[in-house]
Peer 1: 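Following this message is one structure expressed as structure tokens.
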Amino acid sequence: MQAHSDWRSTIIVTCSFAIVFVAFVWSVRKNSSEKEKQPKKDEKEKQPKKVEKEKADIVNGTISHGNDANDEPEEEEQTEDDTISELPDPNWVKVGQVRELYIYPLKSGRGKELRDSNFTEYGISVENQGFTLRDRMFLVYNEETGRFQTGRQYPTLILVSLSAVDESRVKLEAVGMPRVIFTVPKSLENSIEAVQCKMWWGEPVKCIDCGQEPAEWISRFLTGTNSGLRLGYTMMDKRDLFKEPWKKYTEVYQTIRNEDTGLFCDLASYMLMTVQSVDKLNEKLETPVPALQFRPNILLYTKEAFSEDDWEWIKIGERAVVRNVKPCTRCKFVLVNPDNGVMDDEEPLKTLKTFRQLTDPKRLALEGTAPKMGIYCGLYVPGKVKIDDDVFVHIPNKSSIESNHRETK
């Protein structure tokens, strides 16, 4: 009887151990499975930080070219945030400083000097009285034809100042005119209601009409009548430069993108030039001209005149990066004086033609003998830019040049 009781006790103990062992194995496997899944989740959560770090490395020129000894090799993934895939290995060399910054909220209107600004995909911008002023966000157009109007047709347009009043209103001002304040129209839900305007060579652009009061004001100032001209506000649309009439330009200047066009800019959202280039021109003129007469967004102080022509990638301040996409060719509009709106004599234009013409045969065939002064730029990395910020240019190092040479053989 005692032996039988011992046998039953042995079975009970053995079964108990088996149950505990199975529970232990199941628990270990569950924890192991969760740990395998967790790194993937963590990696996903850290991905935005990784992308931001990669963008910062691109800007700062500190991209790693290999893994640490203890790191496992990783596959590089293409992301939409990789904004400078064309410049994987920047070598930034300081070339100067920001001397002046300008924004032109009204196309062909008076420029506003800035102490600091934001470089955005739609051009230079600044927060003012709760309203974001953007470069060339308003334009004047002909009421009958829809064609945009500039200082070429109305030189005194350059005397018109547009500035913010509060978060929803702006004002127009000019000497001898009472100012007019109006509410900025809201974006249209239906683009069919937008006004169809025309820019260079009939390029169609859409805008939102700002109403009767600013239309009468601008007409009265520019024409002396109460009608004929209207004021349009941007719809923040991108333009297509790969269709006519700009297609011929993108075939010659192959780094221009649709993202470079800004709002109502002629071609690109940023125009950059240097103090030294203006000084060099003024050495040859009887009456010096101010830099603002060339309507730059960015005026830099550097060592050598016209050195900007040879720059491609330009980093301004801690983060913003722009790319030179085209020389800025000049016409008679450069002769409009920013102080009084009258046409000066043609000495600056004639002088530029003597030593600043295009030389590339394809560019000459496209743009003729128009002289050049400054460069058009497109934005690749947004950022804040202020007066006295350092300016850097990407100078390919010797190894990069040799590598590119081998690839092209």
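Numbers for residues simply follow the sequence, beginning at 1.
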Peer 1: Taking atom CE of M271 and atom CG of D266, what is their separation to the nearest 0.5 Å?
Peer 2: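 That separation rounds to 10.5 Å.
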Peer 1: Rounded to the nearest 0.5 Å, what separates atom CG in L241 from atom CG in L267?
Peer 2: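 With rounding to 0.5 Å, CG (L241) is 6.0 Å from CG (L267).
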Peer 1: Does any pair with a residue in residues 222-261 pass ring-ring contact (aromatic ring centres under 6.0 Å, His included), and if so which ones, sequence neighbours excluded?
Peer 2: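 Pairs touching residues 222-261 that pass the test: F138-Y233, W201-W246, W201-Y249, W246-Y249.
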Peer 1: Ignoring hydrogens and geometry beyond distance, is a side-chain donor-acceptor pair present between E143 and S227 at under 3.5 Å?
Peer 2: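 No donor-acceptor contact under 3.5 Å links the two side chains.
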Peer 1: May I ask you to decide if L300's main-chain N or O and T274's side chain share a donor-acceptor pair within less than 3.5 Å?
Peer 2: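 No, T274 side chain to L300 backbone: no donor-acceptor pair under 3.5 Å.
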Peer 1: Sub-3.5 Å donor-acceptor pair from the side chain of Y301 to the main-chain atoms of Q276, do we have one?
Peer 2: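 Checking the backbone N and O of Q276 against the side chain of Y301, no donor-acceptor pair under 3.5 Å is found.
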Peer 1: Search all heavy atoms of I181 against all heavy atoms of E213 and return the closest pair with its distance.
Peer 2: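 For I181 versus E213, the nearest heavy atoms are O-OE1, 4.0 Å.
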Peer 1: How about E346 and K332: do any of their side-chain heavy atoms sit closer than 4.5 Å?
Peer 2: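 Of all side-chain heavy-atom pairs linking K332 with E346, none is under 4.5 Å.
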Peer 1: Could you grab the distance from atom OG1 of T302 to atom CD of E304, nearest 0.5 Å is fine?
Peer 2: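 It is 8.0 Å, given to the nearest 0.5 Å.
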Peer 1: Going by atom types alone, do D135 and Y122 pair a side-chain donor with an acceptor below 3.5 Å?
Peer 2: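 On atom types as modelled, these side chains do not qualify, holding no pair under 3.5 Å.
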Peer 1: Of the non-hydrogen atoms in M199 and C265, which two are nearest, and what is the gap between them?
Peer 2: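 Closest pair (atom of M199, atom of C265, distance): CE-O, 3.6 Å.
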Peer 1: Step by step, would you call V195 with Y141 a side-chain contact (heavy atoms from CB on, under 4.5 Å)?
Peer 2: CA-CA 10 Å; V195 176; Y141 67 93; 3.7 Å; yes
Peer 1: Cut-off 3.5 Å, side chains only: do K238 and N258 have a donor facing an acceptor?
Peer 2: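 Checked: K238/N258 side chains show no N/O donor-acceptor pair below 3.5 Å.
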Peer 1: Are any non-hydrogen side-chain atoms of M137 and F264 less than 4.5 angstrom apart?
Peer 2: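 No, every pair of side-chain atoms sits at 4.5 Å or beyond.
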Peer 1: How many angstroms lie between CD in Q196 and NZ in K206, if you round to the nearest 0.5 Å?
Peer 2: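 Separation between the atoms: 5.5 Å.
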Peer 1: Taking all heavy atoms of G368 and all of L358, pick out the closest pair and write down the distance.
Peer 2: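 Where G368 meets L358 most closely, the heavy atoms are O-CD1, 4.4 Å.
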Peer 1: Return yes if a side-chain donor-acceptor contact under 3.5 Å exists between N142 and Q153, otherwise no.
Peer 2: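 Their side chains do not contain a donor-acceptor pair, so the 3.5 Å distance test is not met.
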Peer 1: Start with the C-alpha gap between L172 and F221, add the side-chain angles, then the distance that decides, and say whether side-chain contact (heavy atoms from CB on, under 4.5 Å) holds.
Peer 2: CA-CA 11 Å; L172 291 170; F221 180 69; over 6 Å; no
Peer 1: Less than 4.5 Å apart, any side-chain heavy atom of M343 and any of V336?
Peer 2: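 Counting from C-beta outward, M343 and V336 do come under 4.5 Å.
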Peer 1: May I ask you to establish whether R169 and F131 are in a cation-pi arrangement, using a distance under 6.0 Å from NZ or CZ to the six-membered ring centre and at most 45° from the ring axis?
Peer 2: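 R169 over F131 ring: no.
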Peer 1: Please assess S161 against E173 for the test side-chain hydrogen bond (donor to acceptor under 3.5 Å, both in side chains), listing each intermediate value before the final yes or no.
Peer 2: CA-CA 5 Å; S161 174; E173 296 176 293; 4.6 Å; no
Peer 1: Are the side chain of Y154 and the backbone of T223 linked by a donor-acceptor contact shorter than 3.5 Å?
Peer 2: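 Answer holds: no.
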Peer 1: Less than 4.5 Å apart, side chain to side chain, heavy atoms only: is that true for V275 and E100?
Peer 2: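 No. Closest side-chain heavy atoms not under 4.5 Å.
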Peer 1: Under 3.5 Å, side chain of D116 to main-chain N/O of K384, donor-acceptor pair present?
Peer 2: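 No.
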Peer 1: Does K107 use its side chain to pair, donor to acceptor, with the backbone of R136 at less than 3.5 Å?
Peer 2: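 A pair under 3.5 Å: no.
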Peer 1: Which residue, D390, D389, D388, forms the salt bridge (Lys or Arg N to Asp or Glu O under 4.0 Å) with K386?
Peer 2: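 Result: among D390, D389, D388, D389 is the only option passing the salt bridge (Lys or Arg N to Asp or Glu O under 4.0 Å) with K386.
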Peer 1: Is there a side-chain contact between P327 and Y376, using heavy atoms and a 4.5 Å cut-off?
Peer 2: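 Answer no - side chains too far apart.
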Peer 1: Kindly compute the distance separating OG1 (T250) from CD1 (I256), expressed to the nearest 0.5 Å.
Peer 2: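 Separation between the atoms: 7.0 Å.
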Peer 1: If you compare all heavy atoms of V391 against all heavy atoms of I314, which two are closest, and at what distance to 0.1 Å?
Peer 2: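 V391 and I314 have their closest heavy atoms at CG1-CG2, 3.8 Å.
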Peer 1: Please find the pair of heavy atoms, one from T132 and one from S125, that lie closest to each other, and give the distance.
Peer 2: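 Minimum heavy-atom separation between T132 and S125: CG2-CB, 4.1 Å.
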Peer 1: Pick out which of K248, Q357, K362, K326 makes a side chain to side chain donor-acceptor pair (under 3.5 Å) with E367.
Peer 2: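 Of K248, Q357, K362, K326, side chain to side chain donor-acceptor pair (under 3.5 Å) with E367 is met by K326 alone.
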Peer 1: Between S117 and V126, is there a donor-acceptor pair closer than 3.5 Å when you use the side chain of the first and the backbone of the second?
Peer 2: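 Here the side-chain-to-backbone pair does not exist.
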Peer 1: Does CZ belonging to R179 count more than 12 external heavy atoms closer than 6.0 Å?
Peer 2: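 It does not: R179 CZ has 12 such atoms or fewer within range.
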Peer 1: With a 4.5 Å heavy-atom cut-off, do R319 and V381 have their side chains touching?
Peer 2: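 A side-chain contact under 4.5 Å exists here.
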Peer 1: Using the rule given for salt bridge (charged side-chain N to carboxylate O under 4.0 Å, His left out), can you reason through R257 versus D240, listing the C-alpha separation, both sets of side-chain angles and the distance that settles it, and then say yes or no?
Peer 2: CA-CA 9 Å; R257 312 166 302 162; D240 190 350; over 6 Å; no
Peer 1: Please test E203 against K198 for salt bridge (charged side-chain N to carboxylate O under 4.0 Å, His left out), starting from the C-alpha separation and ending with a verdict.
Peer 2: CA-CA 5 Å; E203 178 196 5; K198 300 175 184 176; over 6 Å; no
Peer 1: Please name the residue in the list Q212, E216, E144 that meets the side chain to side chain donor-acceptor pair (under 3.5 Å) test with R230.
Peer 2: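 Checked Q212, E216, E144 against R230; only one passes side chain to side chain donor-acceptor pair (under 3.5 Å): Q212.
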Peer 1: Checking side-chain contact (heavy atoms from CB on, under 4.5 Å) for the pair S277/M373: CA distance, chi angles, key distance, verdict?
Peer 2: CA-CA 8 Å; S277 299; M373 185 76 169; 4.1 Å; yes
Peer 1: Any side-chain heavy atom of T234 within less than 4.5 Å of one from L139?
Peer 2: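 A side-chain contact under 4.5 Å is absent here.
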Peer 1: Once rounded to the nearest 0.5 Å, what's the spacing between atom NZ of K94 and atom CH2 of W92?
Peer 2: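 Those atoms lie 15.0 Å apart.
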Peer 1: Please lay out, stage by stage, how N297 and I103 fare under the test side-chain contact (heavy atoms from CB on, under 4.5 Å).
Peer 2: CA-CA 6 Å; N297 294 111; I103 187 173; 5.6 Å; no
Peer 1: Compare every heavy atom of G151 with every heavy atom of S108, then report the nearest pair and how far apart it is.
Peer 2: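 Scanning both residues, the minimum pair turns out to be OG-N, 3.2 Å.
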Peer 1: For the residue pair N226 / R220, report whether a side-chain donor-acceptor contact shorter than 3.5 Å exists.
Peer 2: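 Their side chains do contain a donor-acceptor pair, which is all the 3.5 Å distance test asks for.
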Peer 1: Decide side-chain hydrogen bond (donor to acceptor under 3.5 Å, both in side chains) for E127 and N118; before the verdict, give the C-alpha distance in whole Å, the side-chain angles of both, and the deciding distance to 0.1 Å.
Peer 2: CA-CA 9 Å; E127 188 76 17; N118 294 313; over 6 Å; no
Peer 1: Less than 6.0 Å separating the ring centroids of Y380 and W313?
Peer 2: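 Y380 vs W313: aromatic centres under 6.0 Å.
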Peer 1: Could you check whether any side-chain N or O of D260 sits under 3.5 Å from a backbone N or O of A268, counting only pairs where one atom can act as donor and the other as acceptor?
Peer 2: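 No, because the side chain of D260 does not come within donor-acceptor range (under 3.5 Å) of the backbone of A268.
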Peer 1: Could you tell me whether the side chain of S163 reaches within less than 4.5 Å of the side chain of K112, counting heavy atoms only?
Peer 2: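 Yes, close enough: below the 4.5 Å cut-off.
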